[in-house]
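Notes follow the structure.
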Amino acid sequence: MKNLSRKAEDYLEAILNVTLKKGYARTKDVACELDLSPSSVVEMFRKLDGMGLVEYRRYEGVVLKPAGREVAQAVKSRHDTLKEFLKIIHVPEKIAESDACYMEHELHPATIRQIRALVEELRSESGISERIPKSAPAGGD
């Protein structure tokens, strides 16, 4: 799905993450994952349901439909690739998580594929990560 907003992609990824952890995704769990109110989450669940990406069940939660799962897995894969890359180059965990969330929506898929290839190479080269200098945190990061 090409014209999904960043927000919609974030919700689908959060639904997938919660489902992978718990086996199901309730409104309060997704709200907690995204640090949002349950009412905001329900509103987006209804929109995603209308788009055919999820099945929203009031008082039960949400289930990804195949199209929604495909988008969620693609976003999660981009996120995981970027976060792993940032951690390899010694970006602190909290910053790597935040930056990956931003970058996953902004970078071209070809760029992400090349970063994934680089991550694979860096992982196969033992010790290369240790040769990358660690910078001191700036401004209390």
Side-chain angles (χ1 to χ4, degrees), residues 1-126 128-141:
M1 299 207 73
K2 294 247 185 229
N3 296 323
L4 273 183
S5 68
R6 289 179 59 168
K7 185 176 172 182
E9 286 185 349
D10 285 342
Y11 271 85
L12 293 169
E13 182 184 18
I15 293 165
L16 178 63
N17 287 337
V18 170
T19 301
L20 291 172
K21 284 183 220 162
K22 298 184 100 174
Y24 57 87
R26 292 183 186 254
T27 302
K28 68 177 184 170
D29 299 320
V30 175
C32 185
E33 177 90 3
L34 293 170
D35 197 25
L36 296 169
S37 71
S39 60
S40 297
V41 171
V42 167
E43 184 180 330
M44 181 56 88
F45 282 179
R46 288 184 178 137
K47 287 179 184 175
L48 294 171
D49 187 280
M51 296 168 77
L53 298 172
V54 303
E55 182 180 335
Y56 171 60
R57 300 174 186 155
R58 192 171 180 187
Y59 305 118
E60 291 182 38
V62 68
V63 175
L64 290 166
K65 289 186 172 180
R69 179 170 289 279
E70 185 177 325
V71 172
Q73 288 173 325
V75 174
K76 180 172 175 37
S77 175
R78 292 191 311 247
H79 179 97
D80 292 348
T81 294
L82 292 165
K83 183 176 176 183
E84 186 175 357
F85 170 70
L86 294 170
K87 287 174 62 179
I88 285 172
I89 61 170
H90 306 297
V91 173
E93 175 85 24
K94 191 173 181 182
I95 297 170
E97 178 66 33
S98 175
D99 284 352
C101 283
Y102 175 76
M103 292 166 55
E104 72 192 23
H105 302 290
E106 301 300 326
L107 296 179
H108 191 278
T111 302
I112 304 261
R113 281 192 299 275
Q114 291 307 108
I115 291 172
R116 167 54 50 204
L118 177 60
V119 165
E120 305 276 331
E121 286 299 315
L122 291 172
R123 267 200 273 134
S124 71
E125 284 288 325
S126 66
I128 197 165
S129 178
E130 287 75 34
R131 295 194 309 260
I132 299 171
K134 295 178 184 170
S135 64
D141 289 333

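These numbers come from a predicted model, not from an experiment. Numbers for residues simply follow the sequence, beginning at 1. Computed over heavy atoms, backbone and side chain alike; hydrogens, waters and symmetry mates excluded.
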(request) Starting at CD of Glu70, measure out to CG of Leu53 and round the result to the nearest 0.5 Å. (result) 10.0 Å
(request) Could you walk me through whether Arg123 and Val119 pass the side chain to side chain contact (heavy atoms under 4.5 Å, CB included) test, one step at a time? (result) CA-CA 6 Å; Arg123 267 200 273 134; Val119 165; 3.9 Å; yes
(request) Mind listing the closest non-hydrogen atom pair of Ala96 and Val91 along with its distance? (result) N-CG1, 3.6 Å
(request) Enter the distance from Thr19:OG1 to Ile15:CD1 here, rounded to the nearest 0.5 Å. (result) 7.0 Å
(request) Please round to the nearest 0.5 Å and tell me the distance separating atom CG of Leu118 and atom CZ of Arg113. (result) 15.0 Å
(request) Look at the aromatic rings of Tyr11 and Phe45 and report parallel, tilted or perpendicular, splitting at 30° and 60°. (result) perpendicular
(request) Identify the two heavy atoms, one from Glu60 and one from Arg26, that lie closest to each other, and give their separation to 0.1 Å. (result) O-CG, 3.4 Å
(request) Check whether any side-chain heavy atom of Val30 sits under 4.5 Å from a side-chain heavy atom of Met44, and report yes or no. (result) no
(request) Step by step, work out the side chain to side chain contact (heavy atoms under 4.5 Å, CB included) result for Lys21 and Asp29. (result) CA-CA 10 Å; Lys21 284 183 220 162; Asp29 299 320; over 6 Å; no
(message) Would you compute the distance between atom NZ of Lys76 and atom NZ of Lys83 and round it to the nearest 0.5 angstrom?
(response) 9.0 Å
(request) List the atom of Leu36, the atom of Val41, and the distance in Å for their closest heavy-atom pair. (result) CB-CG2, 4.3 Å
(request) Please say which of Leu4, Val62, Val75 ends up in a side chain to side chain contact (heavy atoms under 4.5 Å, CB included) with Leu12. (result) Leu4
(message) Please give me the minimum heavy-atom distance between Gly52 and Ala67, naming the atom from each residue.
(response) O-CB, 4.5 Å
(request) Please round to the nearest 0.5 Å and tell me the distance separating atom CG of Leu34 and atom CG of Asn17. (result) 9.0 Å
(request) State whether the side chain of Asp49 and the backbone N or O of Tyr56 hold a donor-acceptor pair below 3.5 Å, judged by distance alone. (result) yes
(request) Find the distance between CZ (Arg58) and OG1 (Thr27) and round it off to the nearest 0.5 Å. (result) 10.5 Å
(request) Starting from the C-alpha separation in whole Å, work towards a yes-or-no answer on salt bridge (charged side-chain N to carboxylate O under 4.0 Å, His left out) for Arg78 and Glu9. (result) CA-CA 11 Å; Arg78 292 191 311 247; Glu9 286 185 349; 3.1 Å; yes
(request) State whether the side chain of Ser98 and the backbone N or O of Ile95 hold a donor-acceptor pair below 3.5 Å, judged by distance alone. (result) no
(request) Return the minimal non-hydrogen interatomic distance between Leu86 and Ala100, and the atom names on each side. (result) CD1-N, 4.0 Å
(request) Please check if atom CD in Glu120 has more than 12 non-hydrogen atoms from other residues, nucleotides or ligands closer than 6.0 Å. (result) yes
(message) Between Ser77 and Gln73 (side chain of the first, backbone of the second, donor and acceptor by atom type, cut-off under 3.5 Å), is there such a pair?
(response) no
(message) If you apply the rule salt bridge (charged side-chain N to carboxylate O under 4.0 Å, His left out), what do you find for Lys87 with Glu84, and how did you get there?
(response) CA-CA 5 Å; Lys87 287 174 62 179; Glu84 186 175 357; over 6 Å; no
(message) Leu107 and side chain to side chain contact (heavy atoms under 4.5 Å, CB included): which single residue from His105, Glu104, Met103 fits?
(response) Met103
(message) Could you report the tightest heavy-atom contact between Leu64 and Ala72, atom names first, then the distance?
(response) CD1-CB, 4.2 Å
